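The first residue in the sequence is number 1, and the count goes up from there. Given the structure is predicted, the values throughout are model-derived calculations rather than measurements.
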Amino acid sequence: MDIEVFNGKKQKKMLNVNSVHDIEKLKQTMGKDGRLHYTVTIDKRSYGVSDVEGTRIKKLLNK
């Protein structure tokens, strides 16, 4: 399964994840701009994800 994430410099990157169980945490926060932002933790590293990817991962994790 591929997940499109943003690294620290706002560059898009595709991560290949073997299964949903490799995703350790999905966090949803309210940004200063008033919009929701998603952060996903994979292999003890945090990545920012878009709203579309965040909701897709949220559905896969059944949250």
Side-chain angles (χ1 to χ4, degrees):
M1 167 172 88
D2 289 333
I3 299 175
E4 186 176 271
V5 298
F6 297 106
N7 62 4
K9 298 179 182 179
K10 297 281 184 183
Q11 296 174 346
K12 290 184 180 181
K13 178 181 176 184
M14 294 298 284
L15 284 181
N16 188 2
V17 180
N18 292 332
S19 69
V20 178
H21 301 291
D22 291 340
I23 299 171
E24 298 168 8
K25 191 181 347 178
L26 177 69
K27 189 165 76 171
Q28 184 179 19
T29 58
M30 182 68 74
K32 292 181 181 178
D33 56 358
R35 297 189 314 172
L36 291 174
H37 298 277
Y38 290 95
T39 305
V40 66
T41 305
I42 301 169
D43 294 332
K44 298 181 182 177
R45 291 184 182 218
S46 296
Y47 301 98
V49 293
S50 66
D51 295 339
V52 175
E53 284 288 318
T55 53
R56 185 174 75 97
I57 294 168
K58 193 174 184 179
K59 286 179 184 176
L60 288 173
L61 293 174
N62 294 325
K63 288 189 176 183

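To the nearest 0.5 Å, atom CG of residue Leu15 and atom CD1 of residue Ile3 are 7.0 Å apart. Residue Lys25 holds its NZ atom at 9.5 Å from OG1 of Thr39, rounded to the nearest 0.5 Å. Atom CE of residue Met14 and atom CG of residue Asp2 lie 4.5 Å apart, to the nearest 0.5 angstrom. Interatomic distance, Asp22 CG to Ile42 CD1, rounded to the nearest 0.5 Å: 8.0 Å. Expressed to the nearest 0.5 Å, how far NZ of Lys58 lies from CZ of Arg56 amounts to 15.0 Å. Considering OG of Ser46 and CD of Glu24, their distance stands at 8.5 Å, rounded to 0.5 Å.
Of all the heavy atoms in Tyr38 and Thr55, the pair that sits closest is OH-CG2, 3.6 Å. When all heavy atoms are compared, the tightest approach of Glu53 to Val49 is CB-CB, 4.1 Å. Across all non-hydrogen atoms, the minimal contact from Val20 to Leu60 is CG1-O, 4.1 Å.
By the 6.0 Å contact criterion, CG on Asp43 is open, its count of non-hydrogen atoms from other residues, nucleotides or ligands being 12 or less.
Both Val17 and Tyr47 belong to a single network of hydrophobic side chains, linked directly or stepwise wherever heavy atoms of I, L, V, M, F, W or Y lie under 4.5 Å apart. In the hydrophobic clustering of ILVMFWY residues, with side-chain heavy atoms under 4.5 Å counting as a link, Val40 and Leu36 come out apart. A continuous path of hydrophobic side-chain contacts links Val5 to Leu61 [ILVMFWY only; heavy atoms under 4.5 Å]. A chain of hydrophobic side-chain contacts below 4.5 Å, direct or via other Ile, Leu, Val, Met, Phe, Trp or Tyr residues, connects Met1 to Leu26.
In this structure Lys44 satisfies the salt bridge (charged side-chain N to carboxylate O under 4.0 Å, His left out) test with no other residue, sequence neighbours excluded.
The shortest distance between side-chain heavy atoms of Lys12 and Phe6 falls below 4.5 Å.
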